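The structure under discussion appears below in the form of structure tokens.
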Amino acid sequence: MDPQSQFVKGAIWARGLPPDELEKAARGISERVFAKGAQICRRGERLDYWTGIVEGLVKIGAVSRDGKAMTFAGAASGSWFGEGSMLKDEPRQYDAVAIRASRIALMSRATFMWLYDHSQEFNRFLVRHLNERVGQFIATIENDRILGPRARVARHLSWFFNPVLYPQVAAELAISQEELGLLAGVSRTLANRALQELAAEGIIAFERSAIRVLDHGRLRAYDDT
DNA sequence: TCATTAAATTGTT
DNA sequence: AACAATTTAATGA
């Protein structure tokens, strides 16, 4: 089996799909490589693909007219996004930027719609996926408006351990402090301080380019005010 | 396999 | 934003 169908077979939405549907899905997926800093899609632009991260790290967010950046979510290896634009057939409502060099899987609109029309399992996944995202977006509003930088870093970290949105993230997350800072909307300096404090409290442990979560409950609820 | 160099990451100011 | 210290990756003997 070639590497591509290997990836498709292991995708989170592929679990429970019958082999014929899986094969149809695999045929509708292509792959592209994005360099660090490259834009995968821009707000207002059309991108007629459902997007999955084979390998890498992507920041999903928007920039207001006065230049304020707001992160909606991060996307790590194994994450998929863009189903909203597929279902509604409209331009993207956000920017997606590769924070590090990333391999991106693109599922054509036709394939996505075929699965949507034919596969009960795929629909089940979509509902679950959207449900998790709504919960995360609600939390994001609080996150960016109320919480301080340390708590923001903590929440962004804890999201990576949501098994529906980030299926491949295990006990240890491979991310640098700079990348985490980009996602949480804080400077690398503050990200560094936040991690040190979280580690001092025994919530996480970190080493070079990797973070282990020791206490998911406290990380998720972390509040520094 | 080891040594040297370059690049990336981190802690601090 | 800039600096020094440290780790990892890459290169070639």
Side-chain angles (χ1 to χ4, degrees), chain A residues 3-4 6-7 10 31-42 51-79 81 95-105 136 140 143-145 147-162 165-225:
Chain A
Q4 164 124 327
Q6 191 76 49
F7 167 73
E31 205 176 296
R32 265 189 71 186
V33 173
F34 288 82
K36 177 179 177 178
Q39 292 248 354
I40 294 164
C41 70
R42 291 171 185 280
T51 314
I53 318 294
V54 181
E55 173 89 58
L57 191 60
V58 172
K59 172 175 155 175
I60 297 166
V63 179
S64 65
R65 254 180 246 114
D66 52 330
K68 269 189 199 156
M70 177 159 181
T71 301
F72 297 152
S77 303
S79 298
F81 66 92
D95 302 306
V97 181
I99 286 182
R100 74 168 76 123
S102 302
R103 279 165 55 213
I104 306 297
Q136 195 165 96
T140 300
N143 211 7
D144 282 355
R145 292 201 188 153
L147 299 178
R150 273 153 298 175
R152 287 227 294 275
V153 170
R155 299 277 165 114
H156 272 278
L157 251 188
S158 80
W159 289 342
F160 277 116
F161 296 89
N162 176 324
L165 296 177
Y166 301 96
Q168 284 182 11
V169 174
E172 195 166 271
L173 173 66
I175 189 173
S176 73
Q177 297 181 3
E178 182 170 23
E179 291 167 337
L180 184 58
L182 282 171
L183 286 174
V186 303
S187 67
R188 186 175 67 75
T189 306
L190 282 174
N192 176 260
R193 287 240 173 278
L195 287 177
Q196 289 188 34
E197 291 189 23
L198 289 169
E201 293 186 37
I203 298 174
I204 63 163
F206 65 93
E207 46 207 72
R208 196 187 180 75
S209 292
I211 297 168
R212 265 195 325 284
V213 177
L214 305 175
D215 189 335
H216 288 246
R218 275 203 291 158
L219 182 68
R220 194 187 316 276
Y222 192 85
D223 188 336
D224 61 353
T225 56

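Each chain gets a letter, A, B and so on, in the order its sequence line appears, and its residues count up from 1. This structure is a prediction, so every number in the text was calculated from the model and none was measured.
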* Asked: Which atoms form the tightest heavy-atom contact between A:Ala73 and A:Leu183, and what is the distance?
  -> O-CD2, 4.4 Å
* Structure fact -> A:Ile211 atom CD1 is separated from B:dT9 atom P, nearest whole Å, by 13 Å
* Structure fact -> On DNA chain B, more 5' by nearest nucleotide between A:Arg208 and A:Gln177 is A:Arg208
* Inspect the surroundings of CD in A:Glu55 and state if more than 12 heavy atoms from other residues, nucleotides or ligands are less than 6.0 Å away. => no
* Asked: In whole angstrom, what separates A:Ile204's CD1 from B:dT10's C1'?
  -> 14 Å
* So which heavy atom on A:Phe161 is nearest to which on A:Ala171, and how close? -> CE2-O, 3.7 Å
* Phosphate OP1/OP2 of B:dT12: any A:Gln196 side-chain N/O under 4.0 Å -> yes
* To do: Grab the CD-P distance between A:Glu178 and B:dT9 for me, whole Å please.
  => 7 Å
* To do: Grab the CG-P distance between A:Leu57 and B:dA8 for me, whole Å please.
  => 16 Å
* Taking atom P of B:dT12 as reference, at what distance in whole Å does atom CG of A:Leu195 sit? -> 13 Å
* To do: Return the value, rounded to whole Å, for the distance between atom CD1 of A:Ile99 and atom P of B:dA8.
  => 16 Å
* To do: Take atom CZ of A:Arg193 and atom P of B:dT9, then tell me their distance rounded to the nearest Å.
  => 20 Å
* Asked: Which sits closer to the 5' end of DNA chain B, A:Thr189 or A:Ser209, going by the nucleotide each is nearest to?
  -> A:Ser209
* Asked: What integer distance in Å separates A:Phe206:CZ from B:dT10:P?
  -> 8 Å
* **A:Arg42 atom CZ, over 12 foreign heavy atoms within 6.0 Å** => no
